[in-house]
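To find a chain, count down the sequence lines: A is the first, B the second, and so on, and within it residues start at 1. Bear in mind that the values here come from a model prediction, so they are computed numbers and not experimental data. Worth knowing before you read on, the calculation uses all heavy atoms, side chains too, and leaves out hydrogens, waters and symmetry mates.
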Amino acid sequence: MQELPKTFSPKDFEEALYKKWEESGSFAPDPDPSKKPYSIMMPPPNATGTLHLGHATMLAIEDIMARFKRMQGFATLYLPGTDHAAIATESVVIKKLQEEGMRNPKEELGREALLQKIRDFVENSKNTIRNQVRKMGTSCDWSRERYTFSDEMNHAVNELFTMMYTDRLIYRGDRIVNWDPKMQTTVADDELEYVEEKSAFYTFQYGPFQIGTSRPETKFGDKVVVMHPNDPRYAQYKHGEEIGPFEWINGPTMATVIKDEAIDMEFGTGVMTITPWHDTTDFEIAERHKLEKIQVIDEQGRLLPIAGEFAGMKIHEARPKIVEKLAAKGLLLSTDENYMHNVAVSYRGKGKVEPQIMKQWFVDVNKAVIDWKGKQLSIKEVLQDVVHSGMIKIVPDRFDKIYFHWIDNLRDWCISRQIWWGHRIPVWYKEGEVKVGETSPGEGWIQDEDTLDTWFSSQLWTFSTLGWPEKTPDLMRFTPSDVLETGYDILFFWVARMILGTTYALRKSGFPEEKSIPFKNVYLHGLIRDIRGKKMSKSHPETCIDPLDMIEKYGTDAIRLSLVIGGTPGNDMRLYEEKIAGFRNFVNKIWNGARFVLMNLDENTPQDLDPSIFSRADKWILTRLNEIIEKATTQLETYQFSEAGMTVYDFFWGEYCDWYVEMSKVNKNPAVLKHVLKDCLKLLHPFMPFVTEAIWELTEGAPNKMLMIAEWPKANLAWNFEEETEEVQRVMEVVSTLRSLRAESNVDATKKIHAIIYAHEDLGLLQAKAEIIKRLANLGELDLSETGEKVEKSLATFVGDIEIFLPLADLIDFDQERKRVEKEIQELEKYIEGIERKLSNPAFAQNAPKEILDKEKSKLEESKSKLEKNKSQLTTLTK
RNA sequence: GGGCGGUUAGCUCAGCUGGUUAGAGCGCCACAUUGACAUUGUGGAGGUCGGUGGUUCGAGUCCACUAUCGCCCACCA
């Protein structure tokens with residue numbers, strides 16, 4: 001037997017083991033059609049990114065599920081991929097080119113050359129993230145790796161676009177959109193972030209009204225004044241009434257009175273003017289009343305000719321001058337310099353967003369075109385139905401509400417983007433004619449310049465990766481996927497959109513409803529925060545944790561555990577280095593537990609367990625193992641990853657190592673020792689694949705029987721020894737008591753008294769014995785250092801060879817003991833009375849589920865027998 | 001304004017449909033240690049589960065109110 005190092009060094013194993021797994025081909029699903037399929041589609045990280053803790057968490061949880069299911073015998077597909085991340089990638093590359101000295105890369109390079117630059121960049125950096133995903137031990141099928149901007153994906157995107165266009169679900173229209181002047185593109189509602197900003201808030205005299213604004217530069221085109229229909233202050237003004245002329249920025253103007261309930265009477269003066277071209281609310285008011293919409297600011301953020309002398313100026317330049325002019329005219333009533341309000345910025349580019357009306361492509365979310373459960377439903381209605389009907393379950397379920405609320409507020413989805421990096425809109429124009437299709441319809445046709453929102457392609461992720469629109473064997477086998485695991489922060493961005501795109505596309509492709517969903521379950525993990533509860537940020541390097549550094553320092557298994565244990569779905573979790581170090585210690589504990597077992601194995605160790613030679617300790621640990629297997633399996637199946645991990649962790653460290661292995665030093669059964677270790681390795685493998693596989697290799701040796709594809713353990717019902725288990729646990733309690741006494745007392749070593757624990761079936765007396773020993777110690781009559789050892793030995797051999805002496809009457813305060821037992825009896829009687837009352841309640845007896853009823857009954861029985869024991873103990877004590 | 005979550009040991013967090021004495025890791029204190037493991041072992045200290053009230057035989061768990069921190073959505077003229 002080779003000498004194994006005392007500490008487990010992850011670096012010596014991880015790379016080689018991963019290579020071995022990957023080369024074995026077992027990351028790919030078993031092609032055997034009789035095997036039940038199980039599939040997880042990895043949310044694709046950005047092709048240009050590096051692995052952060054969000055990815056690491058995602059990969060850890062997904063890999064636990066994949067490995068668990070694979071060991072359970074499912075044909076498990078865990079499909080990896082990367083995302084082209086349209087706007088994020090384009091802005092990164094442009095920024096890089098600018099840093100290299102290019103002033104305006106888009107102008108200087110032109111479309112094709114810039115795209116080539118981005119393509120090269122992506123190709124180059126894709127490998128980084130790929131290797132980092134491997135470093136996490138992720139057991140995904142690299143032979144099926146996909147990319148959201150591959151030719152196949154492009155084909156799927158075009159197909160979907162064409163289908164939706166044909167159904168008139170996609171339309172082109174003038175709508176207000178979020179325009180990012182910095183990136184020169186539209187941004188989706190969900191991609192906006194709001195940052196608080198302090199700016200001046202002005203109140204101007206506008207005809208007979210006072211209006212407030214923080215944006216005077218938009219006010220040129222305002223010819224409408226709006227107030228709430230119920231506002232008594234303005235009851236004298238009639239809806240549609242013309243006011244004016246009166247003096248305004250560039251001379252006299254007229255205004256129309258509009259009454260609309262969107263106005264908040266409490267805010268400011270309760271009156272406002274509207275700028276429909278540059279404000280979403282204003283746009284909606286204008287739509288409702290069919291008002292004229294005038295553009296004031298152009299796409300570069302400059303004022304248009306309507307601004308007169310201010311035309312051509314940038315917003316920040318024009319604003320003070322306009323205020324100055326109005327002040328000179330005496331129309332500025334007040335200025336609040338400390339007005340706090342939220343400014344919309346692009347989630348990606350961080351540029352300030354300027355609402356604009358532009359010609360864009362939209363997806364209609366209200367048009368009923370999907371054939372669903374015998375009705376024609378709209379996208380919105382299908383989105384609601386799949387979650388409402390339970391076809392898709394969200395874990396934790398409180399996110400249902402948030403999801404439904406989002407749908408209620410969902411407006412038509414603007415899918416066109418004015419950037420170059422992305423799926424180009426498959427629409428062609430010629431002399432006012434429009435055609436939709438993947439390739440040019442012929443001579444003279446010009447393709448739409450815009451590209452599609454990145455989420456338009458990623459919504460197809462779960463099924464286009466399997467070959468759609470072709471009906472490939474993979475598509476037929478693995479759709480819908482079993483679970484989508486992701487952070488709750490992209491529930492709207494992506495999860496909801498996937499449901500949207502998938503239900504539509506697959507239903508239209510002839511799939512039945514239950515197969516036309518992207519996934520059956522959604523598991524949402526929380527965000528990882530630093531020790532202070534703040535978002536991890538590179539500006540705080542002292543608390544910011546890089547998963548790759550941690551892998552380097554503590555090993556992948558440790559970081560995986562630290563990201564999973566202590567976390568609950570949908571809740572954020574704090575991470576700090578000490579926690580990772582703690583799990584590194586557990587990894588090492590397993591290594592050393594295994595080392596001990598290996599030292600105790602030899603060629604004579606039988607392969608099979610022989611129940612006829614089971615000691616009580618063997619029976620105990622096997623019974624406990626059964627319980628742990630069942631508990632951990634259930635917890636894994638119900639997405640309680642943290643609990644499942646803790647279950648096995650506690651068992652392995654607290655019971656197997658601390659007690660069973662210790663007992664084995666006195667009296668061992670190597671076959672059982674090995675058996676329990678092997679099952680623990682299996683149970684722990686999904687959480688910590690490397691150390692478990694490394695040990696498996698050492699214990700099993702055979703190169704073809706990897707732990708990764710070993711069969712998930714099952715409880716062996718023939719080995720449930722409840723009585724022995726209870727007994728062992730009682731003795732463990734006594735030993736603990738002894739240990740504590742040994743630590744507490746300073747008994748003179750010369751006074752040696754052998755404590756005696758006599759074999760008696762009665763539980764109450766056994767506990768009383770511990771008490772006796774305690775009192776002996778207090779009287780200085782007992783050398784606990786010796787006694788403790790003896791008891792431990794007795795536990796180990798379980799022969800009950802400890803001697804006893806019995807000056808009971810001298811040592812026990814019978815009165816006090818009697819009082820204690822009497823009190824216990826009283827409590828038990830009260831408890832039993834309670835259960836009986838509950839059971840005799842007809843409402844409870846009729847309505848409660850059978851399991852609950854049985855549970856209550858067994859509790860009742862248990863308490864009754866306990867009561868009996870206490871009563872007999874009481875009579876003993878009374879004698 | 002609407003919604004959601006957190007509040008449990010010094011710190012970070014578990015605690016599944018209510019059930020005996022509320023748990024873990026880290027930290028702290030004491031002791032141990034030559035053969036699995038100091039990345040260790042044993043023992044200990046430390047909690048009126050944010051507050052008030054209610055339902056119940058029984059509440060960390062359910063209900064109402066409340067305090068406080070955080071998040072999401074909408075609005076911000």
Can you tell me how far P of rC16(B) sits from CG of D397(A), to the nearest Å?
14 Å
Within the 4.0 Å heavy-atom criterion, would you say I565(A) contacts the bases, only the backbone, or no part of the nucleic acid?
nothing
When you measure from the side-chain N and O atoms of R398(A) to the phosphate of rC4(B), is any distance below 4.0 Å, counting only OP1 and OP2?
no
Would you say the rings of F641(A) and Y523(A) are close, in the sense that their centroids are separated by under 6.0 Å?
yes
Residues which pass side chain to side chain donor-acceptor pair (under 3.5 Å) with E643(A), listed by chain and number, not counting sequence neighbours:
none
Of rC73(B), rU12(B), rC75(B), the nucleotide closest to the side chain of T281(A) is rC75(B)
If the P atom of rU34(B) is compared with that of rC28(B), how far apart are they to the nearest Å?
24 Å
Could you state the atom-to-atom distance from CZ of F492(A) to P of rC4(B) in whole Å?
13 Å
All N/O pairs under 3.5 Å across the protein-nucleotides 39-41 of chain B interface:
from: rU39(B); atom 1: O4'; to: N585(A); atom 2: OD1; distance (Å): 3.2
from: rU39(B); atom 1: O2'; to: N588(A); atom 2: ND2; distance (Å): 3.0
from: rU39(B); atom 1: O2; to: R584(A); atom 2: NE; distance (Å): 3.1
from: rU40(B); atom 1: O3'; to: K589(A); atom 2: NZ; distance (Å): 3.4
from: rG41(B); atom 1: OP1; to: K589(A); atom 2: NZ; distance (Å): 3.3
from: rG41(B); atom 1: OP1; to: W653(A); atom 2: NE1; distance (Å): 2.4

Which part of the nucleic acid, if any, lies within contact of V226(A), taking any heavy atom under 4.0 Å across all strands shown: a base, the sugar-phosphate backbone alone, or nothing?
nothing
is_close_aromatic(Y403(A), F399(A)), centroid dist under 6.0 Å:
no
Check this one for me: any side-chain N or O of K665(A) less than 4.0 Å away from OP1 or OP2 of rA36(B)?
yes
Under the side chain to side chain contact (heavy atoms under 4.5 Å, CB included) rule, collect the residues that match up with T638(A), sequence neighbours excluded.
Q640(A)
Which is true for D572(A) with a 4.0 Å heavy-atom rule: it touches a base, it touches only sugar-phosphate, or it touches nothing?
nothing
D282(A): what forms a salt bridge (Lys or Arg N to Asp or Glu O under 4.0 Å) with it, not counting sequence neighbours?
none
Write down the distance separating the C1' atoms in rG54(B) and rA14(B), rounded off to the nearest Å.
28 Å
Residue met sooner reading RNA chain B from 5', once R215(A) and G567(A) are mapped to nucleotides
G567(A)
Residues, nucleotides or ligands: over 12 heavy atoms within 6.0 Å of K631(A) NZ:
no
Paired to rC4(B) by Watson-Crick or G-U wobble criteria (both distances under 3.5 Å) is rG70(B)
Is it true that the side chains of K668(A) and N600(A) contain a donor and an acceptor less than 3.5 Å apart?
yes
May I ask you to check whether N178(A) and E354(A) show a side-chain donor-acceptor distance below 3.5 Å?
no
From CD1 of I402(A) across to C1' of rG2(B) the rounded distance in Å is 12 Å
With the threshold set at under 4.0 Å for non-hydrogen atoms, list the residues of residues 631-652 of chain A touching RNA chain B in residue-number order.
E643(A), M646(A), Y649(A)
How far, in whole Å, is rG43(B) from rG50(B) if one measures between their C1' atoms?
33 Å
Just compare rU12(B), rC73(B), rC75(B) and give me whichever is closest to any side-chain atom of Y576(A).
rU12(B)
With the side chain of C657(A) defined as its heavy atoms from C-beta on, choose the nearest nucleotide among rU12(B), rC26(B), rA36(B).
rA36(B)
Mind checking the C1' distance from rA24(B) to rU8(B)? Whole angstroms is fine.
13 Å
If the P atom of rA22(B) is compared with that of rC31(B), how far apart are they to the nearest Å?
29 Å
Within this structure, what is the CG-to-P distance between D279(A) and rA74(B), rounded to whole angstrom?
14 Å
Taking any heavy-atom pair under 4.0 Å as a contact, classify T568(A): base, sugar-phosphate, or nothing.
sugar-phosphate
Please confirm whether Y237(A) and F209(A) have ring centers closer than 6.0 angstrom.
yes
Decide yes or no on ring pair (Phe, Tyr, Trp, His ring centres under 6.0 Å) for W591(A) and F13(A), but give the supporting numbers first.
CA-CA 12 Å; W591(A) 176 251; F13(A) 293 91; 5.7 Å; yes
Suppose we define a pair by two distances each less than 3.5 Å, Watson-Crick or G-U wobble; what does rA36(B) pair with here?
none
Does K401(A) make a side-chain N or O approach to OP1 or OP2 of rG3(B) shorter than 4.0 Å?
no
Can you tell me how far P of rC13(B) sits from CZ of R532(A), to the nearest Å?
13 Å
G566(A) near the nucleic acid: base, sugar-phosphate alone, or nothing, with a heavy-atom cut-off under 4.0 Å?
sugar-phosphate
Atom-to-atom span, CZ of R529(A) to P of rC69(B) - whole angstrom:
16 Å
Name the residue closer to the 5' end of RNA chain B, choosing between I531(A) and W406(A) according to the nucleotide with the nearest heavy atom.
I531(A)
Span that lies between the C1' atom of rU21(B) and that of rG35(B), in whole angstrom
38 Å
Go through the steps for D530(A) and L575(A) under the test side-chain contact (heavy atoms from CB on, under 4.5 Å), then give the verdict.
CA-CA 5 Å; D530(A) 69 16; L575(A) 185 71; over 6 Å; no
Between the side chains of D260(A) and H289(A), does any donor sit under 3.5 Å from an acceptor?
yes
Write down the partner of rA24(B) under the Watson-Crick or G-U wobble criteria, each distance required to be under 3.5 Å.
rU12(B)
What distance, rounded to whole Å, do you find between the two C1' atoms, one in rU56(B) and one in rG70(B)?
33 Å
Between CE of M272(A) and P of rC76(B) the distance, given in whole Å, is 7 Å
When you compare rC65(B) with rC4(B), how far apart are their P atoms, in angstrom units rounded to a whole number?
12 Å
Interatomic distance, R574(A) CZ vs rA14(B) P [rounded to whole Å]
11 Å
Between K579(A) and rC26(B), is there a contact of a side-chain N or O with OP1 or OP2 at under 4.0 Å?
no
Applying side chain to side chain contact (heavy atoms under 4.5 Å, CB included), name anything that partners T568(A), two or more places apart in sequence or on another chain.
N571(A)
Should rG43(B) form a Watson-Crick or G-U wobble pair with both distances under 3.5 Å, which nucleotide is its partner?
rC29(B)
Name the nucleic acid region contacted by N409(A), choosing base, sugar-phosphate or nothing; use a 4.0 angstrom heavy-atom cut-off, strictly under.
sugar-phosphate
